[in-house]
Amino acid sequence: MTKLRMLPGRPYPLGANYDGKGTNFAIFSRNAEKVELCFFDAKGKTEIARVEMPEYTDEVWHCYIPEVKPGQLYGYRVYGKYSPDEGHRFNHNKLLIDPYAKATFGKIVWSSALFPYKLNSPDKDLSFDERDSAKYMPKCVVVDNNYKWQNESIIGTRRSNSILYEVHVKGFSEQNPKIPEKMRGTFQALAHKSSINYFKDLGITAIELLPSQCFFLGSIPERKNLYNYWGYNTVNFFSPEPAYLYSKDINEFKEMVDKYHSAGLEIIMDVVYNHTPEGNHLGPMFSFKGIDNAYYYRLVKDNPRYYDDTTGCGNTLNFDNSRVVQMTMDSLRYWAIDMKIDGFRFDLAVSLGRTDYGFSSESDFYDAMSQDPVLQKVKRIAEPWDIGIGGYQVGNFPPGWSEWNGRYRDTVRRFWRGDDGQIGDMATRFTGSSELFDRYGRRPWSTVNFVTAHDGFTMNDLVSYDYKHNEANGEDNRDGNNDNESYNYGEEGPSKNAKINIIRTRQIKNFFATLMLSQGLPMMLGGDEMKRTQNGNNNAYCQDNKISWYNWKLLNKNKEIYDFVKKVIEIRKRHIVFRRSKFFKGQRIPGTRNKDITWLTPAGVEMTTGDWHNPMNKTLIFKISGEAGDKFHLDKNGEATPDNNFFVIMNADTKKLKSMVPPTQPPYKEWRVVFDTSELYRENALIKNTITINPRTFILLIAK
C-alpha cells in the first residue's frame with residue numbers, strides 16, 4: 001500500500017466500485033476544498049496509506065487505484081470551512097463513512113472524539129476539535145458484488161393478495177430453540193429452514209424487516225445497557241447491518257433473500273432516509289455532516305447553524321437537493337436489483353417530500369420514484385407522517401403507494417374497546433377507508449391496515465394494560481405515547497382471573513378477524529400470534545433484551561391464538577371478497593339483485609341515518625355479496641371471479657343480542673358458521689332465521 005498508482009478514474013458511479021482489476025472511488029461534495037482517501041489494515045485499527053484524490057468533476061472527487069481489491073478497508077477525510085454559522089462543518093480530523101459503501105467493518109465506539117467540536121468548550125459547536133476519530137469509527141469495505149442467485153424469479157405477489165408480518169431480525173431468533181445458538185440474531189437465522197417454515201405455515205406472504213441497513217447500534221451513553229435496538233438511525237444506506245451478519249459477508253443477506261424467494265415469500269425493508277444519527281448542531285460526525293453538511297441537511301434558512309428538524313431526531317435530509325434524491329434512488333435501486341428486495345416501507349415518509357413550502361406528493365423524490373423503471377414496480381409503503389407542520393398526510397401520497405393507516409389502527413381499537421359513536425368510522429375502515437384513498441384510480445390496497453406495530457403496545461399488552469409501563473427505558477416513564485386506546489378489562493398486567501383472560505383472548509381474536517377480513521393490505525406485528533408481551537412497554541426502541549425478544553415458549557402456551565390467526569389468514573386468501581380489487585360502493589351489482597355490501601340492523605332491515613348516528617350502537621351487521629358482477633372481484637388474470645356471500649356480525653357491546661339472518665338466495669341454500677370468537681357456535685354450525693351474539697364477539701357466516 002506504500003506505492004499506490006493513482007489514475008484519474010471516473011466521477012460515476014459513486015462509491016467504491018471494483019471492476020475485476022482495480023477500484024474506482026468517487027464521492028460527491030459541492031463545498032469541500034480537498035478530499036483524502038484513507039486505507040486501513042485488515043483489523044481496521046491502523047491507517048496504512050492516505051492519498052489526496054486528484055480529480056474533481058461535476059462536484060465529484062474521484063480516482064482509480066489498480067492495487068485496491070475487494071476486502072480493502074477505507075474511509076474519507078474531507079477538508080473545507082468549519083463555519084457553523086454558514087452551515088459548514090468540515091473537519092478533516094474526523095474519519096468519514098462513504099455514503100455509497102456497500103459494506104462496513106466494525107462499529108461506532110462512543111467517544112467525545114466523534115464530535116467535530118470540543119464538548120467541554122463554552123463555545124460548544126463553534127469550537128473546533130483536532131482529535132482523530134478513526135479508531136472509534138467503522139471502516140468501509142471494498143466489495144466484489146458478484147453472487148450466483150439460485151432463484152432469479154420475481155415473486156410479484158399482488159398487493160391485494162399480500163399479508164405482511166413486521167419482524168425484527170434479532171428479536172425473532174434470539175431465543176428460538178430451533179436455531180443454533182451461535183447463529184441467532186442474524187440474517188442467517190432468519191433464513192434458517194425453521195424460520196421460513198414458520199412463516200409458510202402461518203400463511204403470511206411477506207416479512208417486513210425493521211431497519212436492516214447499517215445503523216448506529218451503540219449504547220445510549222447516559223443510560224446503562226440500553227441500545228438502539230430498533231435501528232431507526234441509519235449510518236449508511238447501502239450496506240447491511242454488520243451485527244446481523246453471522247458470516248461477516250454481505251452475501252449472507254442475498255442468501256437469505258434467495259431462500260425466501262424459493263419459498264414463495266417476499267421481503268420488504270423498512271428504510272430510514274429521512275434523517276441520520278448525526279443529530280443536530282451538537283451531534284457527532286460520522287458521514288454526511290463532514291462531507292457536506294450545508295448540502296445534505298435541511299438547515300434553518302436565516303440561521304444555518306441550526307437544523308430544520310421535522311423528524312424529531314435532530315436533523316432532516318434535504319430532498320430539495322438533487323444529489324440527496326440521487327443517493328436515495330441509487331440506494332433503493334441497489335437493494336432492489338443487487339439484493340432483490342421486493343419492496344420498501346419508508347419511515348417518516350412525509351419528510352422525503354418536504355420542500356420550502358411544506359409537504360408535496362409531487363416533490364422531486366416522489367416524481368423520481370414514479371418514473372424509475374425499477375422502483376415503480378416494487379411495493380412502496382409510506383409511513384405518512386412526520387412531526388413537522390402539516391405532518392399528518394394519510395391519503396395524500398401519490399398513486400401506486402400504500403400507506404400505513406393510523407386512522408384504521410385507532411378506530412379498530414376504539415370500536416372493540418366499546419367506545420361510543422364508532423360504528424360509522426369502523427364501517428369505513430373495514431371497507432378500505434375509501435374517503436382517504438378512492439381517488440386517482442387508487443385501489444383498496446392503498447391502505448396498510450394494522451392494529452399493532454413495533455411502535456406501541458403488542459396486541460397482548462393492548463388488552464392487558466390501561467397505561468404504558470416504560471420505566472425500564474430510563475426516562476421516568478415520560479417517553480412513549482400516553483394515549484393507546486387500550487383496556488386491561490379489570491386488572492393491570494398479567495392476570496390469574498379466568499374471566500379476564502377469556503375476554504382478553506376473545507378481543508385478540510376480534511382484532512385479528514377484523515384485520516384479516518378488512519379491505520386493504522393487512523400488516524401484523526410479529527409475535528402477536530403467540531401473545532408476545534413487552535410487559536406494558538410501548539416504546540421498546542432501546543430494549544435489546546427479553547423485553548423485546550420473542551419468547552418461543554408462548555407459542556405452545558397460546559396455540560389457540562396461533563391457530564385462529566392461521567385460520568383467518570386462510571379465509572382471506574381463499575375468498576376474494578375480502579381482498580377486492582375495487583372499493584365497495586353500497587350499490588346494486590350490475591346484472592344482479594344484490595348490493596355489493598348491505599348494512600343491516602338486528603331486525604334485518606337496512607340501517608338508516610339515525611341508526612348510523614346513534615352513539616350507543618356498538619354493533620355492525622352486514623352482508624357482503626360474492627357475486628362478481630362487472631369486474632368487482634378480479635383474479636390475477638383480470639377475470640371476474642365469483643365468491644360466496646358472507647354475513648358479518650361485529651358486536652363490541654358488553655350486552656348479548658339477537659339478530660335476524662337474511663334469507664339465502666339461489667344457488668345458496670343455508671348459512672353456516674365460519675367462526676365465532678366467543679365459541680358459542682361451533683365451526684360449520686347451521687344458522688337459520690336468527691342468531692345469538694355474545695358480548696365482544698365477531699361472528700362470520702358463509703352462504704353454502
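Counting from 1, the numbers follow the sequence of the chain as shown. The figures that follow rest on heavy atoms only: side chains count, while hydrogens, waters and symmetry mates do not.
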- NZ/NE/NH1/NH2 to OD/OE distance under 4.0 Å, Lys289 and Glu278: no
- Task: With the side chain counted from C-beta on, respond yes when Pro398 and Ser370 share a heavy-atom pair under 4.5 Å apart, and no when they do not.
- Result: no
- Query: Arg439 versus Pro399: any side-chain heavy-atom pair under 4.5 Å?
  - Reply: no
- NZ on Lys585 to CD1 on Ile597, rounded to 0.5 Å: 13.0 Å
- Item | Side-chain donor-acceptor pair present, Tyr273, Gln213, cut-off under 3.5 Å | yes
- Task: Answer yes or no: is there an ion pair linking Glu403 with Arg442, defined by an N-O contact shorter than 4.0 Å?
- Result: yes
- Message: Testing the 3.5 Å rule here: is there a donor-acceptor pair between the side chains of His454 and Tyr229?
- Response: no
- Have Tyr100 and Asp330 got a donor and an acceptor in their side chains that come within less than 3.5 Å? yes
- Query: Distance from Ile569 atom CD1 to Phe564 atom CZ, nearest 0.5 Å?
  - Reply: 11.0 Å
- Query: Asp528 and Thr452: side-chain donor and acceptor closer than 3.5 Å?
  - Reply: yes
- Working to the nearest 0.5 Å, report the span between CG of Leu620 and CZ of Phe622. 6.5 Å
- Query: Does one side chain, of Asn315 or Asp309, offer a donor that lies under 3.5 Å from an acceptor on the other?
  - Reply: no
- Query: Does the side chain of Met523 come within less than 4.5 Å of Ile163's, by heavy atoms?
  - Reply: no
- Task: Kindly give the heavy-atom pair with the smallest separation between Ser363 and Leu352, and that separation in Å.
- Result: OG-O, 3.9 Å
- Query: Does a side chain donor of either Asp270 or Tyr232 reach within less than 3.5 Å of an acceptor in the other side chain?
  - Reply: yes
- Between His168 and Phe172, is the gap from one ring center to the other below 6.0 Å? no
- Query: Can you find a side-chain donor-acceptor pair between Lys468 and Asn482 that sits under 3.5 Å?
  - Reply: yes
- Query: Are the side chain of Glu383 and the backbone of Leu348 linked by a donor-acceptor contact shorter than 3.5 Å?
  - Reply: yes
- Under 6.0 Å from the CD atom of Gln376, do we count more than 12 heavy atoms belonging to anything else shown? yes
- Task: Specify the closest pair of heavy atoms between Gly527 and Tyr550, including all atoms of both residues, with the distance to one decimal.
- Result: N-OH, 3.4 Å
- When the aromatic ring centroids of Tyr465 and Tyr487 are compared, is their separation below 6.0 Å? no
- Is a side-chain donor or acceptor of Arg159 paired with a backbone partner of Gly400 at a separation under 3.5 angstrom? yes
- Which pair of non-hydrogen atoms, one from Asp367 and one from Glu362, has the smallest distance, and what is that distance? OD2-O, 3.1 Å
- Arg580 charged N/C atom sitting above Phe578 aromatic ring, 6.0 Å / 45°: no
- Pick out which of Asp544, Asp347, Asn539 makes a side-chain contact (heavy atoms from CB on, under 4.5 Å) with Trp230. Asn539
- Does NZ or CZ of Arg345 lie under 6.0 Å from the centre of the six-membered ring of Trp404, at an angle within 45° of the ring axis? yes
- Presence of salt bridge, Asp342 and Lys379, under 4.0 angstrom: no
- Just jot down the salt bridge (Lys or Arg N to Asp or Glu O under 4.0 Å) partners of Arg413, sequence neighbours excluded, or say none. none
- Task: Could you grab the distance from atom CG of Asp438 to atom CZ of Phe583, nearest 0.5 Å is fine?
- Result: 5.0 Å
- Anything under 30° is parallel, anything over 60° is perpendicular, the rest tilted; go ahead and classify Phe288 against Phe237. tilted
- Item | Check: Arg478 main-chain N/O paired with Glu475 side-chain donor or acceptor under 3.5 Å | no
- Is Leu282 atom CG crowded by more than 12 heavy atoms from other residues, nucleotides or ligands, each under 6.0 Å away? yes
- Does a side chain donor of either Trp401 or Ser446 reach within less than 3.5 Å of an acceptor in the other side chain? no
- Item | By salt bridge (Lys or Arg N to Asp or Glu O under 4.0 Å) - contacts of Lys377 (at least two apart) | none
- Task: Classify the side-chain pair Tyr408/Ser518 by whether it contains a donor and acceptor separated by less than 3.5 Å.
- Result: yes
- Task: Report yes if the side chains of Phe698 and Phe511 come closer than 4.5 Å at any heavy-atom pair, otherwise no.
- Result: no
- Closest contact, heavy atoms only, Tyr366 versus Ser360: CD1-O, 3.8 Å
- Query: With side chains defined as the heavy atoms from C-beta onward, is the minimum distance between Cys214 and Pro242 less than 4.5 Å?
  - Reply: yes
- Task: Tell me yes or no: between the side chains of Tyr198 and Glu529, is some donor less than 3.5 Å from an acceptor?
- Result: yes
- What distance separates Met459 CE from Ser486 OG, expressed to the nearest 0.5 Å? 13.0 Å
- Answer yes when Asp308 and Arg298 have at least one side-chain N-carboxylate O distance shorter than 4.0 Å, and no when they do not. yes
- In terms of heavy-atom contacts, does OH of Tyr467 have more than 12 from other residues, nucleotides or ligands at under 6.0 Å? no
- With a 3.5 Å cut-off and no angle check, do the side chains of Thr447 and Asn405 form a donor-acceptor pair? yes
- Query: Looking at Lys301 and Asp356, does any basic side-chain N land under 4.0 Å from a carboxylate oxygen?
  - Reply: yes
- Query: For the ring-ring contact (aromatic ring centres under 6.0 Å, His included) test, which of Phe365, Tyr440, Trp385, Phe359 pairs with Phe397?
  - Reply: Phe359
- Query: Do we see a donor-acceptor contact under 3.5 Å between the side chains of Tyr307 and Asn293?
  - Reply: yes
- Check whether NZ of the Lys or CZ of the Arg Lys102 lies under 6.0 Å from the centre of the six-membered ring of Tyr334 and within 45 degrees of that ring's axis. yes
- Message: Would you compute the distance between atom OG1 of Thr328 and atom CE of Met369 and round it to the nearest 0.5 angstrom?
- Response: 10.0 Å
- Message: Tell me whether Asp643 contacts the main-chain N or O of Val577 through its side chain, where contact means a donor paired with an acceptor under 3.5 Å.
- Response: yes
- Message: Quick one about Asp479 and Asn473 (side-chain donor to acceptor, distance below 3.5 Å, no hydrogens or angles considered), yes or no?
- Response: yes
- Between Asn538 and Asp461, does any side-chain donor sit less than 3.5 Å from a side-chain acceptor? no
- Could you check if a side-chain atom of Leu521 sits within less than 4.5 angstrom of a side-chain atom of Asn449, using non-hydrogen atoms only? no
- Would you say the side-chain atoms of Ser239 and Asn236 include a donor-acceptor pair closer than 3.5 Å? yes
- Item | Test: Glu435 and Arg429 ion pair at under 4.0 Å | yes
- Item | Side-chain heavy atoms of Arg354 within contact of Thr310, under 4.5 Å | yes
- Query: Among side-chain atoms of Gln507 and Asn510, is any donor-acceptor pair under 3.5 angstrom?
  - Reply: yes
- Item | Qualifying residue, where the test is side-chain hydrogen bond (donor to acceptor under 3.5 Å, both in side chains) with His275 and the options are Asn233, Thr234, Thr316 | Asn233
- Is it true that the side chains of Asn396 and Ser361 contain a donor and an acceptor less than 3.5 Å apart? no
- Query: Between Asp386 and Thr311, does any side-chain donor sit less than 3.5 Å from a side-chain acceptor?
  - Reply: no
- Message: Just to verify, which of Tyr260, Trp335, Tyr244 counts as forming a ring-ring contact (aromatic ring centres under 6.0 Å, His included) with Phe253?
- Response: Trp335
